[in-house]
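As the structure is a prediction and not an experimental result, all values here were calculated from the model.
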Amino acid sequence: MTQLIRVEDLRVVACGEHGEVEIVKGVSFALEKGEVLALIGESGSGKTTIALALLGYARRGCRLSGGVVQVGEHDMLALSEKQLQGLRGNRVSYIAQSAAAAFNPAKKLIDQVVEGALIHGLGTRVELEAKAIGLFRDLALPNPERIGRRYPHQVSGGQLQRVMAAMALISDPVLVVLDEPTTALDVTTQIDVLRAFKRVVRERGATAVYVSHDLAVVAQMADQIVVLNGGQILEQSATAPLLKAPTHEYTRSLLAAARPDTTIRPPSGIAEDVPLLTISGLTAGYGNKNMHGMPSIRVLEDIDLTVRRGQAIGVIGESGSGKSTLARVVAGLLTPALGGLTFDGQPLGGSLAERSPEQFRRIQMVFQNADTALNPMHSVAAILSRPLKMYFGLKGAALTARVGELLDLVRLPRSLAERRPNELSGGQKQRVNLARALAAKPDLILCDEVTSALDTVVGAAILELLRDLRQQLGVSYLFISHDISTVRALCDDIVVMYSGHKVQAGNRQSFAEPPFHPYTDLLIHSVPELRQGWLETCDTACETLPVIGERANVPELCTFLNRCPVRVDGLCNRTAPSRRALDNGGEILCHHDSAQLLNTQRGVITTSLGAYA
């Protein structure tokens, strides 16, 4: 076979304060027709910059300074901008990380899918719309004949990502570049999208470059893997041998970071048997309230939860499960409709106005996106100084000394104090975000998806930092995440939420082996394993659900009923489930007992480093 894609000695420079700096340093690789190559590495490794070079494109402030990028018969670095415009979206297509940011919210999906192909003269509107519907069907989108008539906000994130794939594939491109296309998705949605991507790429014989920081995802998609760091190739191999026996230490660190619960454990003996935060019968939501004070959109229903002093509790679930809303209620950013909260034995007001300054200080929140949480106009020192001045009245030398201590605490060099957020990496910004919360000397920190926007290596380092800070300071965490392995690495106890309900709770050991609530089982087995072929053998979306009759008009029927693989006609669709204890010490909201669930569930597969293939 001949090489369809050839990259040779690619070099890219970025303009800095002291002249140009080389950020991609002599990268070379090649693909045959129909192959999928993965570019993998942490943030700043150069993987997206290299992927964009395949389109003959460099981001603002960067320049393609040398090398060869051959796509089919075209040398992308030798073409004019007009010639490149004729190839982009035609012979070379791009699937971005955030479909929500890539679509025009004012135009219907079908219009945006066919627009590029119309511009390139690849067919009539009627022909292209018919082709788009075929792609929608191939990508397993619901109601493929009509979904294109919707606007972007009227479909889910996973559906929108697949619509973007249809947009990229409608021109039958020579090369498709997929830039972290599932990073922003829940694990259960990610499986559906990966399965659809892989099937369409294989069936259409497409050649693809897949950019990711997640080796487990890459293992499902790629024929070969290029490992990058600092703009250089550290290791390059076919997928199976690289997963089984990586030769470079950095590759081994990527493998370890993919499953943090295999290398990180929560500290023992920290949690005291004293309640710090107690939540009782909590119901909360958004929108206009009725005459009974209930919001039109109820997000949380009858939540009970206790966080002990020094304890870390993880709350997991998909987008829309209510986990971030729970954190907002505890933080005082959303007033509950029903139920109450107590903190250290004292009533905790539902809004910030009802709380004392001391309660405000003792509960701090670390937000998911440090880019939006940190003021871009302030230096790190100014950001950390504000809570120190407000809560403790520090100034002068004492203030400067405490800022330095906080930077030491989150393992950042003191030399970063005068930098602004845009001069820091993603991991450094998240550490500053955490240091700002620690500045108040809180007893409880609410961590809302604090590692989900970070690559696996940086995310694992943040988890280690959080573990060590808890051991050092005795602080409690309410840790929000959609990743079961992340929660098991840090937390003593875990709560699983689905559609506003607490469906399972227990200590971390109870989540190591079945029985689980059926939704928990789905979450656990939706996390990709570090071996090729897992995507084809996992059964998370392949089961035919048991047939059930009409739902009874009972308000508290199981919220997981429409997706449950063990639902029972005449029971689950007629009677509200009750809470029951499991044999492993956990608690679930389900009709089934431990024995019944064990008959339908398989164990959790744990892998050890060096045995992934």
Side-chain angles (χ1 to χ4, degrees), residues 39-49 96-98 101 157 179-187 190 211-218 227-230 250-251 253-264 312 314-316 319 323-324 327 365-374 376 380 383 407 409-412 416 419 421-438 445-470 477 479-491 527-528:
L39 299 174
I40 189 160
E42 59 188 274
S43 299
S45 62
K47 54 189 186 295
T48 295
T49 302
Q97 176 174 343
S98 175
D179 190 1
E180 305 253 20
T182 64
T183 299
L185 304 178
D186 294 313
V187 288
Q190 175 179 258
V211 176
S212 182
H213 63 256
D214 190 338
L215 263 173
V217 168
V218 161
V227 180
L228 296 156
N229 193 24
Y250 178 72
T251 309
S253 73
L254 285 177
L255 289 167
R259 284 293 303 268
D261 56 338
T262 62
T263 55
I264 303 172
V315 182
I316 64 170
S319 297
K323 55 190 189 297
S324 290
M365 191 162 183
V366 181
F367 294 93
Q368 174 178 349
N369 194 336
D371 284 320
T372 56
L374 302 177
V380 170
I383 290 168
L407 290 173
L409 204 56
V410 296
R411 299 170 193 164
L412 285 175
L416 296 184
R419 293 192 189 181
N422 67 337
E423 299 175 286
L424 305 177
S425 71
Q428 288 172 333
K429 281 183 277 195
Q430 198 61 291
R431 288 172 189 261
V432 173
N433 204 11
L434 180 57
R436 182 178 61 177
L438 292 170
I445 297 180
L446 311 173
C447 300
D448 188 9
E449 299 270 17
V450 294
T451 63
S452 63
L454 305 174
D455 60 64
T456 50
V457 173
V458 177
I462 294 294
L463 289 177
E464 289 180 347
L465 174 63
L466 288 167
R467 176 201 61 193
D468 295 345
L469 288 171
R470 182 178 160 220
Y477 295 138
F479 189 87
I480 310 294
S481 180
H482 62 261
D483 184 351
I484 184 71
S485 69
T486 296
V487 167
R488 289 191 73 242
L490 187 70
C491 300
V527 179

Query raised in the report: Under a 4.5 Å cut-off applied to non-hydrogen side-chain atoms, are D455 and L254 in contact?
Result: no

**Report entry** Heavy-atom side-chain proximity of L463 to F479 below 4.5 angstrom
**Finding:** yes

Report summary line: Rounding to 0.5 Å, atoms CG (N433) and CE (M365) come to a distance of 10.0 Å

Query raised in the report: Looking at G427 and L454, what are the two nearest heavy atoms and their distance?
Result: N-CD2, 4.0 Å

Query raised in the report: What's the shortest heavy-atom distance between V218 and S212, and which atoms?
Result: CG2-CB, 3.7 Å

Report task. Answer whether the closest heavy-atom distance between the side chains of V380 and L407 falls below 4.5 Å. Result -> yes

Requested in this report: Quick one: pull up CG in N422 and NZ in K429 and give me the separation to the nearest 0.5 Å.
Outcome: 7.5 Å

Query raised in the report: So, does R431 use its side chain to make a donor-acceptor pair with the main chain of L465 at under 3.5 Å?
Result: no

Query raised in the report: Do S452 and Q368 meet the criterion of a side-chain donor-acceptor pair at a distance under 3.5 Å?
Result: yes

Query raised in the report: Does Q430 reach the main-chain N or O of V450 with its side chain, forming a donor-acceptor pair under 3.5 Å?
Result: yes

Query raised in the report: Under the 3.5 angstrom rule, does the side chain of K323 hit a backbone N or O of I480 as a donor-acceptor pair?
Result: no

Query raised in the report: With a 4.5 Å heavy-atom cut-off, do Q97 and T48 have their side chains touching?
Result: no

Requested in this report: Compare every heavy atom of T262 with every heavy atom of A256, then report the nearest pair and how far apart it is.
Outcome: O-OG1, 4.3 Å

Query raised in the report: Are any of the side-chain heavy atoms of D483 and T451 separated by less than 4.5 Å?
Result: no

Requested in this report: Evaluate the criterion side chain to side chain contact (heavy atoms under 4.5 Å, CB included) for residue pair V527 and I484; output intermediate values, then yes/no.
Outcome: CA-CA 8 Å; V527 179; I484 184 71; 3.9 Å; yes

Query - Approximate separation, where rounding is to 0.5 Å, of L424 CG and L374 CG - result: 8.5 Å

Requested in this report: Under the side chain to side chain contact (heavy atoms under 4.5 Å, CB included) rule, collect the residues that match up with T251, sequence neighbours excluded.
Outcome: V227, E235, L242, P246, H248

Query - Spacing of CD belonging to Q190 relative to OG1 belonging to T182, to within rounding of 0.5 Å - result: 4.0 Å

Query raised in the report: Do you know which two heavy atoms are closest between R259 and S485, and how far apart they sit?
Result: NE-CB, 3.7 Å

**Report entry** Minimum-distance pair of heavy atoms, taken over all atoms of I383 and P421
**Finding:** CD1-CG, 4.0 Å

Report task. Identify the heavy atoms of A216 and D214 that sit nearest to each other, and give their distance. Result -> N-OD1, 3.0 Å

Report summary line: Value for CD1 (I445) from CZ (R470), rounded to nearest 0.5 Å, stands at 11.5 Å

**Report entry** Main-chain N/O of S324 paired with D448 side-chain donor or acceptor, under 3.5 Å
**Finding:** no

Requested in this report: Take L466 and L434, measure what side chain to side chain contact (heavy atoms under 4.5 Å, CB included) needs, and give me the verdict at the end.
Outcome: CA-CA 9 Å; L466 288 167; L434 180 57; 3.7 Å; yes

Query raised in the report: Do E423 and L416 have side-chain heavy atoms sitting under 4.5 Å apart?
Result: no

Requested in this report: Check for a donor-acceptor pair, side chain of N229 on one end and backbone N or O of G41 on the other, with a separation under 3.5 Å.
Outcome: no

Report task. Side-chain contact test, heavy atoms from C-beta onward, threshold under 4.5 Å: evaluate it for S45 versus H213 and give yes or no. Result -> no

Report summary line: Rounding to 0.5 Å, atoms CG (L215) and OG1 (T456) come to a distance of 7.0 Å

